[in-house]
Every structure is written in structure tokens, then in C-alpha cells.
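Note that the structure is a prediction, hence the values are computed from the model and not measured. Residue numbers begin at 1 in each chain, while the letters A, B, ... track the order of the sequences.
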Number of protein chains: 2
Amino acid sequence: MVTIKEVAEEAGVSVATVSRVINQNGYVSEETLEKVKSVIDKLNYKPNSIARSLYHKTSNMIGLIIPDITNPFFPELARAVEDVAMMYGFKVVLCNSDQNPEKEMKYLDLFKEKYVDGIIFTTQSQESTVYSDLNVPIVALDRIGDTTIPSVVSNNYKGAKKATELLLQKGVKNIAHIRGPKNIAPSEARYHGFIDAVEGKGVNYTISEAEFQLKDAERKAEQFFETHTGIDGIFCSNDTIAAGFLKVALKKGIKVPEDLQIVGFDGSFFGEFIYPELTTVSQPIYDMGAVATRLLIKIIQGNQPEKLLYEMPTTIIERGTTR
Amino acid sequence: MVTIKEVAEEAGVSVATVSRVINQNGYVSEETLEKVKSVIDKLNYKPNSIARSLYHKTSNMIGLIIPDITNPFFPELARAVEDVAMMYGFKVVLCNSDQNPEKEMKYLDLFKEKYVDGIIFTTQSQESTVYSDLNVPIVALDRIGDTTIPSVVSNNYKGAKKATELLLQKGVKNIAHIRGPKNIAPSEARYHGFIDAVEGKGVNYTISEAEFQLKDAERKAEQFFETHTGIDGIFCSNDTIAAGFLKVALKKGIKVPEDLQIVGFDGSFFGEFIYPELTTVSQPIYDMGAVATRLLIKIIQGNQPEKLLYEMPTTIIERGTTR
DNA sequence: TTGTACGCGTTATCAT
DNA sequence: ATGATAACGCGTACAA
């Protein structure tokens, strides 16, 4: 690893001069400029970013905390964050919290130690690790409440309402909503969207619950189809649950979308892998990540965010599980 | 951010003493030990890891370069790397290279600047960015050739052979292999596994090719079923291709697995999301990541790897697309 | 226009 | 057993 000192010696100048040409500030004569530049090239000198960090107390890194990269929702998000971050010269440290507050705390400490310039985090759970008094720019994704932290969310309520209305409009008479876990904010919002779409409309509806996991969804689906008959439309709280219900329905010989229509939520890529393809409420996942990152960088650069809540629109993608 | 100096002042000792209690080396009397410890707790002091890095030229970070976290193969791998790394006190910087040599080089420079202690990388392409003369411990995943770098791979050849033999044994008479891109090593190995399983066995076989992407697979499947009749078994180079072919077959009313059996490769999670569930050759993705990380850490700690090639076994998971 | 010297927070060597 | 101090690589007052 070649240092600024070696460059200085080789160029016959002082380290200060070299520093000046690197950072393009201060005066430096045309002549020495060229000289130093050529030596930098020759030695393939790269300023040591650790030393820089120590001095500046910044690292050009941003920390990203997500529950689990293995959950299909997050890779695209992470990708967006990295793409945008890189575009602005920031690197990304990715951490999987597993929704575990201890882990989250550990990562936050880590981030402070490393002088990360900002933090983006997603928690699907309600209970909050203390993310305030952290003294580092921070943006939340998919998180509500905690009104002091700028957040980027998608419009879960509205998307759910639209999805339910779509089913109704497609002639569904007996509709079900398979809601997600109660402690997860988006799941709650989607539930309310559903309720507000069916209440007072004179339609029969029923509510069940499932985890956001295929196996559990399948179990719940088995039970569901045992105990409920005549259901001709299901709005599921996410695509994983929808996939589970679709699988079981198909297995039972129920015709989709002829006799049963299904709508999921998220716009996960695997919605296109299954047949019939899943109709779903698509979240602009990549955009959410990109917006959050731009917002964070803005804050890092000293600008105040214009608003605290950035709500991104959802889109219905009609595919094979609706008529 | 409280520094070692502040702790020293508060405790009425020198920074050297504080450093000794932190690092548990050198002599320090019982009395001052207690005193310093309590001050550290009181002030919630955490040693600044940047300053440490500057001195030690290590960072307790490892760099991970993958093509694209959005590709379903990689989240699990990344997760494994992070889990194991964390277990040993290392953090992970994740980078998506998009198979782009320029990006790779950029990340490698970045890693050197940041004093990463080691690098794990995956390239599916053959052409090699110069990963040697890097002067940093390094481990390759899913990569062959380039014999100087320790590698962790799964046994693509053998898995493909077994998959093909499974189809044959299940009574397939006219078999097809949909191979992946020619410049991707695993795709090549699987192709040879297939060939060696059918050659000289007196079975009819045919080869087609598709990208590892759903849309392309579907297009190729449409063409395939137009031009080939009587095919009753397909071994696909990965699960994505298999999903595409299955979808199109289902759409065309071909009965799976009665009239057509399909086997994929990878063991991707979405194999269980589709119906019938995909029979596949499962790679121990998590284990591969874990083994690679342990290997890297071993090297970082100064031990030489026992061998240069760690070959992990594949397993056939029989599910709904075979009889 | 250029160079000297100190500070960023930590560790390790060498005195004491 | 403890303290002073150089060093890690860089950036910037300040002096020249």
C-alpha cells in the first residue's frame, strides 16, 4: 500500500502539496501539479480511506439494517440502496437483524464505531429499538409511528382497498382476507384497507390469519378450505400467503380464476413463476429503496427533509389469478 | 463519541492504562482495573474501530462480491456469509458486480482502501478480473480454473448426472436438456453431466439453450414445444429455466408429471411455491457460503488452506414434477 | 506557491 | 504497575 509520503518523496515535494492536488484545494503550480499527478499514476496511489475517516469522522459508508435478505422482499430493496449509494460515492454495509432488538443494537454500535454517515433501517415489528438520539442521519423504510424519523413507506392501506375493490368488481360475492401477523405494521394497514372496502357494501366476508411464510400459509389454507365453502375471492396480505393458498386450491382441484380469484400483495418476482400467474398489488420496492437512499444522502449533506413521510403509490398488476 | 482520552482523564490514569484494560494485556492493578472499568461503563465508551484499523491495518471486515443479490441464488449465500462472519466478529460489505469487470475492479480498490481482512467473490463468468496479486486473503465461490485461489463449489457435474439418471430411471424415453449460457462454468458442468448420463445409453436426447431468466426461458419453451414432440422428460440447467418450461407446459395443457417430467437445479426456494412443486437438484447454498467464510477466516488467521478445491455435494429433492 | 507540524483515536514500546 | 510517546495515513492551519 503506497502512502502519501512515498508519493511526496518520489515527486520531490511535501505531503501537503500532494494532499492539495488530491483534494483540489489550495494553490499548486501547474508544473508541480503535473509532476505529482504523474507520480500518483505511476505508483497507483489511492488515498487511504481509513486515515481519511479518522480525520473527517465520516466514512462514506451507509449502514443498512433489514430483517432478512433471504425474505424475497429485501434483495431488490438492498439492490436499490446499493445502486443509489454507489452513485453518490457511498458504500453499503448490510446487516440482517432478524427483527432481534439485541442484534439491532449491536449493529447500531458497530455503525457508530465505523463512523457510518447514515443509516437506513427496516423493521417490520412495531416495538422500537431506540433509533433516535443516535446522532446520525437516519431514514426508516416501511415503518410508521415514531414520528421523528423520516420514513418511506408504500401505501398499504390504499393498495389493499383497491385490491379488494377489484375482486368485488370482478363479481366476487363471498370474499376472504388472509391477514398477516398482528404486530407487523403493513399487515395491519392492509387489513384496514380490506375492511373499509367491504364494510357496508353488503358483501359476505371473512378474515383468517397466516404468517408470511409458505408452510404456514399452506397449513392455514388446508384448514381454511375445510371450514369455508363458497368463497370465490381471496385477498392475501402478501404474495407468499397468496402462493400458499393458490397451491392448496389447485391441489384440491379448485379452478382458478374461474371459481376462485386470488390477489396477493408485494409484486414479488415469484408471482410470475407460478401458474396461473399471481395477480398482485405491486409495491415500488426498488423505488422505495432509491428514494430512501436519496433522502438519506440529502440529510447527510446537511439538508433538512421536506417532509417526514414519503408515501409511494402501489399498482395493481392483473395477471392469471383474477378473471 | 467518547474517546479513550476522556476515559483516562475521568479515571485519573493515562490512556496507556485504559488501553491495557480494554485489550486485557500488560499489567494493571486490581484497583485501577475496577476503577477504569466502571468509568468505561459510566461513559459508555466504545473503542473507535477506525483508529484501530489505522494502526493495525485490519478492519474486521470482509468484502463480498456477488453478481446480483436480486438473483434468487445469492441471498441465502450472502446470509450465510454474514452469519458466519458475525460469529467470528467480522462485518460484511456487500457488493453487486453485475458481472462487470470494471465494477469488480472498483470494489477491489475499495476493499484495499478500507483494509478489509479478506474477500469472498463469486463470478459466474469465465473471464477473470485479476484477483491474484491482491495481497489479501481471498476465497472464490462457484468458480473453477484459476487454480491459485481456494474455491468452494458444488458438484455440478455429478448433480446433473444424477438428475438425468433419475429421469431415465423414471421411464423417460425422449429426454431434453435445456442448458444455460455457454460462458457460465456451472452451466457447462451440468451440460457435461447430462451428456455423460445419456451418451451410449441408447436414449434419444436433444439439447436446447436458454438464459437463466424466466422470460427468456418461457420464449424458448414456446419454441421448444412447437418444434419438439414426444419429449417426456426435461432436465433444466437451473430452477428458473425449469419454472419457465413448466409454466408453458401447463399453459399448453401438457400433464406434469404424467406426460412430462421436469427436473431443475439449485433448490431455489420458489421451487416450493409453484404447483406441482419442482423436483430439483439442491445445492447446499447456505453451507457453501458458510464453508467459504470459515475457510477465509482461517486464512486470515494465518493458516494455510488444506486444499484448494472444496466440493460440496448436491442432493436430489423429488417433488411434484417427477413421478 | 510550498513546507512544517499538529491532530484525528488507538496501540505498543520503552522508560520509570 | 504505570505513564509518556511514537506511529498508523491523512488533512489543514500556519509559517515561510
Side-chain angles (χ1 to χ4, degrees), chain A residues 1-37 39-40 43-61 89 109-117 135-136, chain B residues 1-37 39-40 43-61 89 109-117 135-136:
Chain A
M1 191 95 276
V2 26
T3 74
I4 198 173
K5 205 172 159 187
E6 302 178 51
V7 174
E9 280 169 14
E10 177 77 16
V13 297
S14 76
V15 293
T17 305
V18 177
S19 179
R20 282 189 197 100
V21 343
I22 295 165
N23 300 294
Q24 321 201 37
N25 59 12
Y27 299 90
V28 46
S29 78
E30 194 62 32
E31 197 181 0
T32 49
L33 181 78
E34 289 312 319
K35 176 66 183 163
V36 171
K37 269 186 175 168
V39 173
I40 286 179
L43 269 48
N44 189 28
Y45 165 72
K46 304 254 191 274
N48 179 299
S49 104
I50 296 288
R52 277 192 154 153
S53 288
L54 188 58
Y55 183 90
H56 284 122
K57 295 184 192 301
T58 69
S59 60
N60 284 318
M61 295 199 299
D109 281 341
L110 162 70
F111 287 164
K112 288 178 81 171
E113 278 173 35
K114 294 277 184 196
Y115 287 144
V116 298
D117 300 326
N135 221 10
V136 176
Chain B
M1 191 93 276
V2 26
T3 74
I4 197 174
K5 205 170 159 189
E6 304 177 50
V7 174
E9 281 169 12
E10 178 78 15
V13 296
S14 77
V15 294
T17 305
V18 178
S19 180
R20 282 189 197 99
V21 343
I22 295 165
N23 300 295
Q24 321 201 39
N25 58 11
Y27 300 90
V28 46
S29 76
E30 195 61 32
E31 197 180 0
T32 48
L33 182 78
E34 289 312 317
K35 175 65 184 166
V36 170
K37 269 187 175 169
V39 172
I40 286 178
L43 270 48
N44 189 28
Y45 164 74
K46 304 252 189 278
N48 180 300
S49 102
I50 296 288
R52 278 190 157 157
S53 288
L54 185 60
Y55 187 90
H56 282 126
K57 294 185 192 301
T58 70
S59 61
N60 285 317
M61 296 200 300
D109 281 343
L110 162 69
F111 288 163
K112 288 179 81 171
E113 278 173 35
K114 294 275 184 196
Y115 286 145
V116 299
D117 300 326
N135 220 8
V136 176

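- Between A16(B) and A51(B), the residue whose closest nucleotide on DNA chain D is further toward the 5' end is A16(B).
- In this structure, CD of E113(B) is placed 13 Å from C1' of dC10(D), rounded to the nearest angstrom.
- Here dT4(C) is the nucleotide among dG11(D), dC10(D), dT4(C) with the atom lying nearest to any side-chain atom of S14(A).
- Between the NZ atom of K35(B) and the OG1 atom of T17(B) there is a distance of 13.5 Å, given to the nearest 0.5 Å.
- Here the side chain of E6(B) pairs a donor or acceptor atom with the backbone of T3(B) at under 3.5 angstrom.
- In this structure, the CG atom of L54(A) is 11 Å from the C1' atom of dG11(D), given to the nearest Å.
- Regarding contacts with the backbone of dG9(C), every side-chain N or O of R52(B) stays at 4.0 angstrom or more from both OP1 and OP2.
- Of the listed nucleotides (dT11(C), dG11(D), dC8(C)), dG11(D) has the atom at the smallest distance from the side chain of I4(A).
- Contacts of E10(A) classified as salt bridge (Lys or Arg N to Asp or Glu O under 4.0 Å), with partners at least two apart in sequence or in another chain: K42(A).
- Atom CG in N48(A) sits about 12 Å away from atom P in dC8(D), given to the nearest Å.
- A donor-acceptor contact shorter than 3.5 Å links the side chain of N48(A) to the backbone of I50(A).
- Each of E30(B) and S49(A) lies near DNA chain D, and the nucleotide nearest E30(B) is the one positioned closer to the 5' end.
- Using a distance-only test at 3.5 Å, with no hydrogens or angles considered, a donor-acceptor pair links the side chain of S59(A) to the main chain of Y115(A).
- Side-chain atoms of S29(B) lie closest to dA1(D) of the nucleotides dT1(C), dA1(D), dG11(D).
- If you check every strand for non-hydrogen atoms under 4.0 Å, T32(B) touches sugar and phosphate atoms only.
- Looking at heavy atoms from C-beta onward, S53(A) lies out of side-chain contact with Y55(A) at the 4.5 angstrom threshold.
- Interatomic distance, S49(A) OG to D109(B) CG, rounded to the nearest 0.5 Å: 11.5 Å.
- Contact annotation: H56(B) does not reach the phosphate of dA7(D) (side-chain N/O to OP1 or OP2, under 4.0 Å).
- Put simply, the side chain of K114(B) reaches to within 4.5 Å of the side chain of M61(B), judged on heavy atoms.
- Closest to the side chain of T3(A), from the set dT2(C), dC10(D), dT10(C), is dC10(D).
- With rounding to whole Å, Y115(A) atom OH is found 7 Å from dC8(C) atom C1'.
- To the nearest 0.5 Å, atoms CE (M1(A)) and NZ (K57(B)) are separated by 9.0 Å.
- The distance from the CG atom of L33(A) to the CD atom of Q24(A) is 8.5 Å, given to the nearest 0.5 Å.
- If one axis is set at each end of the helix from dT1(C)-dA16(D) to dT16(C)-dA1(D) from five pairs, those axes are 50° apart, to 10°.
- Rounded to an integer number of Å, the gap from K57(B) NZ to dC8(D) P is 7 Å.
- Across the protein-nucleic acid pair, K114(A) atom NZ and dG9(C) atom P stand 16 Å apart, rounded to whole Å.
- A straight line from NZ of K5(B) to P of dT10(C) spans 11 Å, rounded to a whole angstrom.
- A heavy-atom distance below 4.0 Å to DNA chain D is reached by these residues of residues 18-28 of chain A, ordered by number: S19(A), R20(A), N23(A), N25(A).
- Rounded to an integer number of Å, the gap from E9(A) CD to dC10(D) C1' is 15 Å.
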